[in-house]
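To start, the structure under review is shown below, and the notes come after it.
Values reported hereafter were calculated over all heavy atoms of this structure, with side chains retained and with hydrogens, waters and symmetry mates removed. Computed from a predicted model, the values in this text were never measured in an experiment. A, B, ... follow the sequence lines: proteins, then strands. Residue 1 opens every chain.
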Amino acid sequence: MYDVHAVQEKWLPVWDEIAPFRSGRPDDTRPRKYVLDMFPYPSGDLHMGHAEAYAMGDVIARYWALKGFNVMHPIGWDSFGLPAENAAIKNNVDPALWTDENIAQQKASMRRYACSFDWDRVLQTSDPAYYRWNQWLFVQMFERGLAYRKDSAVNWCPTCQTVLANEQVVAGRCERCDSVVTKRKLTQWYLKITDYADRLLDDMAQLEGKWPEKVLLMQRNWIGRSTGAEVTFAIDGRAEPVTVYTTRPDTLFGATFFVVAADSALAAELAAGTPSEGEFTAYVERIKADSDIDRLATDRPKTGVFLNRHAINPVNGALIPIYAADYVLADYGTGAIMAVPAHDQRDFEFAKVFDLPVVTVVEPPADWEGEAYAGDGPAVNSDFLNGLRKAEAIDAMIAWLEERGLGKGAVNYRLRDWLISRQRYWGTPIPIIHCPSCGEVPVPADQLPVTLPPAEGLDLKPKGTSPLGGAADWVNVDCPRCGQAAKRDTDTMDTFVDSSWYFLRYLDPNKTDGPFDVEQAREWMPIDQYVGGVTHAILHLLYSRFFVKVLNDMGMVDFNEPFTRLLNQGMVVMNGSAMSKSRGNLVRLTDELAENGVDSVRLTMVFAGPPEDDIDWADVSPSGAKKFLARAWRLSGDVTSAPGVDVTTGDLSLRQAVARTVDDAAKAVESYRFNVTVAKTMELVNITRKAIDSGVGPSDPAVREAAEAVAKMLSLVAPYTAEEMWERLGHTPTVALSGWPEVDPALLVQESVVCVVQVAGKVRDRLDVSPDISETELRELALASPAVTAALAGASIRTVIVRPPSLVNIVPGS
RNA sequence: GCCCCGAUAGCCCAACCGGCAGAGGCAAUGGUCUCAAACACCAUCCAGUGUGGGUUCGAAUCCCACUCGGGGCACCA
């Protein structure tokens, strides 16, 4: 009887002793592979989601290790962040303590889960030895003009009393407390990711076919490059003209009004002193109270205020009214637009509300029905553009504007700079000192890290400003430049900064004279395989790509993209929906492990379907997995030949089956079809069982070859069972490094294949033919078949399609 | 509203370039073993690929339209 729990207890200490997955020993000559799982957040013990992710990553890491690679497969903890801080407030404990306890628990669970991690390369981002280098990198960016402070409207949670990152705002609400998020004007630190917009977009060409298409698409949309033109409009009664951005300069003759973002400085300036000022001020107040929820409402009517001012359309000199409205965004383009209601739906809706003229300047097709026509067509009512199609008209207009100095071709991005300030305690302090004379002064490198002041004695409760402000001894310092009294910046960094370069730190996690080892980076990077959830499709992956490009510019790395291949595993759900306590459909990993054992859970995860798909735990069968493992294990006890027996003397057809299933399994791993790998392993188990019971018998050397292949294949998903089999087969640990089963290519060649003969697409006969039969030979053979003659029933033959060696289709005349 | 992905047996899933729809599993049924059962082993059962059209000698696979499900973005001018 196969006792899963006893086997687990047996092998854990053995593996600790051997440390089979220690990577990068100096004398190791194997070729390198860097396989990385996204590091976890230490919020409690591992759950089903971790179990799936690490099972998938392990298949890849263990496969390459078996294939003879020096695989680096490290793990660490993304250990700064709100959950620790909130738990600290709730339970009145130090977030550091809470974090370290959870890390210890997760680490123990990972070890038991038999992840092939290199335990000599662990890190945690809340360690000053780690975040010191966040600070160092921040200062580097500051000195290169890539980190800067600006005053801007940011997401604000009135309950948590902090700014929120875009990703923490879900459908207009705070993901943590569900409060409706508002906007607040604050001076915050930003990283200038927009400087890299083009490279972030263009370098994606390298990732094509290696990252999920979906992720590439999401990144492209997020960056949102658009091309068009900037056009300068003179403003009646204002010395300075105003520039707008448009993707449709060809429709300039149809611009019948002008809109500025109501919350922009320009709107306030234009409204000042006009009869509209009162109305404008009231409007701005009103929209400030509007939340993202309101903005998300579909077919929300357009609102705005006429400012009693006019702009001059540069192409025809027409005076057009200026409105302030909230449908124009202050932080995209120039915060002002020319409105062309005939060809932009939003402008059309606004024109309808305010009864503004609509001038068609692109002829829609005769059968077109709708309000604003955005498609292609000949220009009309447009003077020198008349008759030109859209693309030509855009070029012509840009040329016309450039000649007169009224505008130019321009590019815009949806991507905004990355706001990294957080008014929270449990994060990396921003290493800046504010000096009344010198301004923003970076903390000198030799004074890093700026460590967090002890949590004890600080009020961590959210109150709108950073808790660090309460640590007077910590805040008050001398300016490193001029020596006079100055204050530290009290905000901490977004934890996405921590995760933007951690993969480089693994190369030498204890390095003290730099963030990472530049030489090691040359050897190991970029990462061959990154594995993680699709929830990070945009932010984490985009930020990491950005950091690597900055590091490339700094000359610290010689590559542009950190993650060569990316696999997004799905989620584990229960009865069709995400697991949650409130829904009452939570499946506890510890329960599953206790019930069925580690191997069964891992096998269930991997076998459930393609790795990218969600697993519905209600649809799968861990107990079935357990049965299969016992069935595989039994094989190892049935083999009676000695280890090392010459397998080439074994039964040929069994050896062919082994070769075929091993080969199929390898191909399946390399194309991420891990469920198919498991299916092929099961197939081989069935074949071997049959060979032992009713075939060549347990003593045939091919049976040993088959059982050993099963152990190796199984080691990708079920390391305990595989190790136990390996031992019962007479070997010493560890199967994980025993090498992928060798396949003699000669065994993959079949001496005969079944050729299907169809008449009018219907199968009428099957022929055993040589795999390299010629087309003419096969045609004759097929035509000679009595079944074919019968099916034709005397009808004439129109064509014969011959696809040697697998198919012949005879098409009769009609 | 726009964009992307998916739909194959009762269920989860396979099927390389278009070429016999079935590799694997769950469930079910029957049998062997057993005093009986569990386990194990053996065997059987089951769909013509969401719907409608098209291309082709031939379509799960390619094209068009639609239905359902999932996801992303959401006033980005």
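Base pairing analysis places B:G48 opposite nothing; no Watson-Crick or G-U wobble pair with both distances below 3.5 Å involves it.
Comparing the same atom, P, in B:U55 and in B:U61 gives a spacing of 15 Å after rounding to whole Å. Taking the P atoms as reference points, B:C16 lies 26 Å from B:U44, given to the whole Å.
Looking at residues two or more places apart in sequence or on another chain, you find no side chain to side chain donor-acceptor pair (under 3.5 Å) involving A:D614. The side-chain contact (heavy atoms from CB on, under 4.5 Å) check on A:M204 picks up A:L201, A:L207, A:L216, A:Q219, A:R220, A:I223, A:R545, with sequence neighbours excluded. For A:V676, the side-chain contact (heavy atoms from CB on, under 4.5 Å) partners at least two apart in sequence or on another chain are A:A668, A:R673, A:K680. For A:H536, the ring-ring contact (aromatic ring centres under 6.0 Å, His included) partners are A:H540, not counting sequence neighbours. Not a single side chain to side chain donor-acceptor pair (under 3.5 Å) links A:T227 to another residue, sequence neighbours left out. Remark: A:R416 engages A:D331 in a salt bridge (charged side-chain N to carboxylate O under 4.0 Å, His left out) (not counting sequence neighbours). Partners of A:Y672 according to the ring-ring contact (aromatic ring centres under 6.0 Å, His included) rule, which considers only residues two or more places apart in sequence or in another chain, do not exist here.
Whole-Å rounding puts the A:Y413 OH to B:C73 P distance at 21 Å. Nucleotide B:C4 holds its P atom 10 Å from the CG atom of A:N221, rounded to whole Å. Distance, A:E349 CD to B:G1 C1': 10 Å, rounded to whole Å.
The side chain of A:V676 has B:A14 as its nearest neighbour among B:A14, B:G24, B:A77. Here the side chain of A:R414 is nearest to one of B:A77, B:A74, B:G25, namely B:A74. Nearest nucleotide to the A:N675 side chain, out of B:C57, B:A14, B:A23: B:A14.
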Using nucleotides 16-19 of chain B, report all nitrogen or oxygen pairs with the protein that are shorter than 3.5 Å.
residue, atom, partner, partner atom, Å
B:G19, O6, A:R803, NE, 3.2
B:G19, O6, A:R803, NH2, 3.3
B:G19, N2, A:N809, ND2, 3.3

Quick test: give all pairs of protein nitrogen or oxygen and nucleotides 40-43 of chain B nitrogen or oxygen below 3.5 Å, distance rounded to 0.1 Å.
residue, atom, partner, partner atom, Å
B:A40, O3', A:R634, NH1, 3.0
B:C41, OP1, A:R631, NH1, 2.3
B:C41, OP1, A:R634, NH1, 3.4

Produce the list of close N/O pairs, under 3.5 Å, pairing protein atoms with atoms of nucleotides 59-66 of chain B; give distances to one decimal.
none

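Taken residue by residue, residues 606-622 of chain A places heavy atoms nearer than 4.0 Å to RNA chain B at A:F607, A:A608, A:P610, A:D619, A:S621.
Distances shorter than 4.0 Å separate none of the side-chain N or O atoms of A:Y327 from OP1 or OP2 on B:A77.
Remark: A:K302 is not positioned above the aromatic ring of A:F350, lacking an NZ or CZ atom under 6.0 angstrom from the ring centre and at most 45 degrees off the axis.
Nucleic acid contact class of A:R416 (heavy atoms, under 4.0 Å, all strands): base. At the heavy-atom level, A:S623 lies nowhere under 4.0 Å from the strands shown. Within 4.0 Å (heavy atoms only), A:L217 reaches sugar-phosphate atoms of the nucleic acid but no base atom.
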* To do: Please report the C-alpha distance between A:R689 and A:D693 in whole Å, then the side-chain angles of each, then the deciding distance to 0.1 Å, and finally whether the salt bridge (charged side-chain N to carboxylate O under 4.0 Å, His left out) criterion is met.
  => CA-CA 6 Å; A:R689 180 82 264 151; A:D693 290 350; 3.1 Å; yes

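Within the structure, side-chain hydrogen bond (donor to acceptor under 3.5 Å, both in side chains) pairs that include any residue of residues 241-253 of chain A comprise A:S226-A:Y245, A:R248-A:D250 (at least two apart or interchain).
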